[in-house]
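Reminder, nothing fancy here: chain letters follow the sequence lines and each chain counts from 1.
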Amino acid sequence: MEVCSENHAMLCNFDVLSLLRDIQAGRGQKKPNKHQTNLATITYETIQCLEKSWPCAGHTAEGVAAAMEALAPFGLTPAEKLQLINHRPSTAVEIQLMVEESEERLTEEQVEELLEVLATHLPQEIDDQGQEGEDMEIKEGDS
Amino acid sequence: MDAIRESLNKKFANKVVYKVGLCIALWDVEKIEESFIFPGDGATHTIVHFRYVVFRPFVDEILIGRIKSCSKDGVHVTMGFFDDIIIPSDSLQHPSKFNEQEQLWEWEYEVSEEEGVHDLPMEINGDIRFRVVDEMFVDTTPSSPEEANPMPPPSSSSGVPAVHITDQGAKKSPYTLTGSISEMGLGMLAWWN
């Protein structure tokens, strides 16, 4: 087996959650059968975690895309945007955590604006933050 | 196609790949090359290029987990699907102290000069927000038998049964994250709401 690219792309929690829900429901592929206990376990546990601790359960694909577009003018790095989408911060102190040197890079009005952008595009269900799931590419033989 | 999906998911789901991360589920298959049949082997062998969803938080990322246990050395956090997250005692909010009676860590938060300090406990099962500060991979591929199980010294005349039966390698986790909560906004979610 050979890893082509360790981190091909970053996925937000919402992407991961929709993929896992598809797997559980058997959309587009077969449901995990009794031999795939590992897949069934990780799918179940990850869905539980994402739905309970992270705000992504109420997000929509359109909302996430719109939020990404609205975040573009702030000059944030992809990693920072990912965290903002995943955690959906609702207070300024959370933004400080996720954006490096936010005091210098963002004015107070911009922070307010950021919070508002996130609140409009990503409806709130749970008042948490979080993130998980990065995608990558593996090359592999012997399948 | 289904067979390839199934075997990839069987092979990687819920496993840690060294220096890559915890594999969750297959994302898509990009390319399937020709299949081979080897003499003396009933199976077909195919080279497949695919993408997999992997849990691999980057250093400095903020995550949310649940406290699994506390000990003098620090706090053990779980995310449900991933358990090996440690917050060492020196990365807790400052100043913190360990409550021996409850076996919990407490943040001695100073409210104001007059009111003094409030002890904010870190309860088991509470939601906690932390920053990833380090990641560690351990290569758990089987090593040579000598390395894995050093032979006990042959002098058994002392009569002391000093043979370790437990396999130390079994306890190593392949992927461990180290967290920190020593910043504003980090720690128990209840503290900041």
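Atom CE in M10(A) sits 8.5 Å away from atom CD in E61(B) (nearest 0.5 Å). We find the CG-NE2 distance between L63(B) and H87(A) to be 6.0 Å, quoted to the nearest 0.5 Å.
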field: Verdict with supporting geometry, L11(A) and W27(B), side chain to side chain contact (heavy atoms under 4.5 Å, CB included)
entry: CA-CA 11 Å; L11(A) 293 175; W27(B) 182 256; 3.9 Å; yes
message: Determine whether V53(B) and L20(A) satisfy the following criterion, side chain to side chain contact (heavy atoms under 4.5 Å, CB included), listing intermediate values before the conclusion.
response: CA-CA 10 Å; V53(B) 178; L20(A) 294 178; over 6 Å; no
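Closest approach of A13(B) to I42(A), counting heavy atoms only: CB-CG2, 4.3 Å. Minimum interatomic distance between A25(B) and I23(A) (heavy atoms only, all atoms of both residues): CB-CD1, 3.5 Å.
Side-chain contact between L82(A) and F58(B): present, with at least one pair of heavy atoms (C-beta onward) separated by less than 4.5 Å. Residues K10(B) and N38(A) form no side-chain contact, since every pair of their non-hydrogen atoms from C-beta on lies 4.5 Å or further apart.
Comparing E6(B), R131(B), K15(B), E183(B) by how many heavy-atom pairs each has under 4.5 Å with chain A, the most go to E6(B).
When hydrophobic clusters are built by joining Ile, Leu, Val, Met, Phe, Trp and Tyr residues whose side-chain heavy atoms come closer than 4.5 Å, directly or via intermediates, V3(A) is grouped together with Y52(B). V16(B) and M136(B) fall into different hydrophobic clusters, defined by Ile, Leu, Val, Met, Phe, Trp and Tyr side-chain heavy atoms under 4.5 Å apart, directly or through other members.
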Do any side-chain atoms of residues 76-83 of chain B form donor-acceptor pairs under 3.5 angstrom with protein atoms, and if so which ones, sequence neighbours left out?
unit_1, atom_1, unit_2, atom_2, d
H76(B), NE2, D83(B), O, 2.8
T78(B), OG1, G80(B), N, 3.0
T78(B), OG1, D83(B), OD1, 2.5

Using distance only, find each side-chain donor-acceptor pair of residues 59-69 of chain A under 3.5 Å and give its atom names and separation, not counting sequence neighbours.
unit_1, atom_1, unit_2, atom_2, d
H59(A), NE2, P55(A), O, 3.2
T60(A), OG1, G63(A), N, 3.0

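The local environment of CD in Q103(B) is crowded, with over 12 non-hydrogen atoms from other residues, nucleotides or ligands closer than 6.0 Å. For CZ of F74(A), the number of neighbouring non-hydrogen atoms (other residues, nucleotides, ligands) closer than 6.0 Å is greater than 12. The number of heavy atoms from other shown groups lying within 6.0 Å of CD (E100(A)) does not exceed 12. Crowding of E34(B) atom CD: a count of heavy atoms from other residues, nucleotides or ligands under 6.0 Å not exceeding 12.
Proximity to chain A (any heavy atom under 4.5 Å) is restricted, for L26(B), to the backbone atoms N, CA, C and O. Of the two parts of L39(A), the backbone and the side chain both hold a non-hydrogen atom closer than 4.5 Å to a non-hydrogen atom of chain B.
Using a distance-only test at 3.5 Å, with no hydrogens or angles considered, no donor-acceptor pair links the side chain of R129(B) to the main chain of E94(A).
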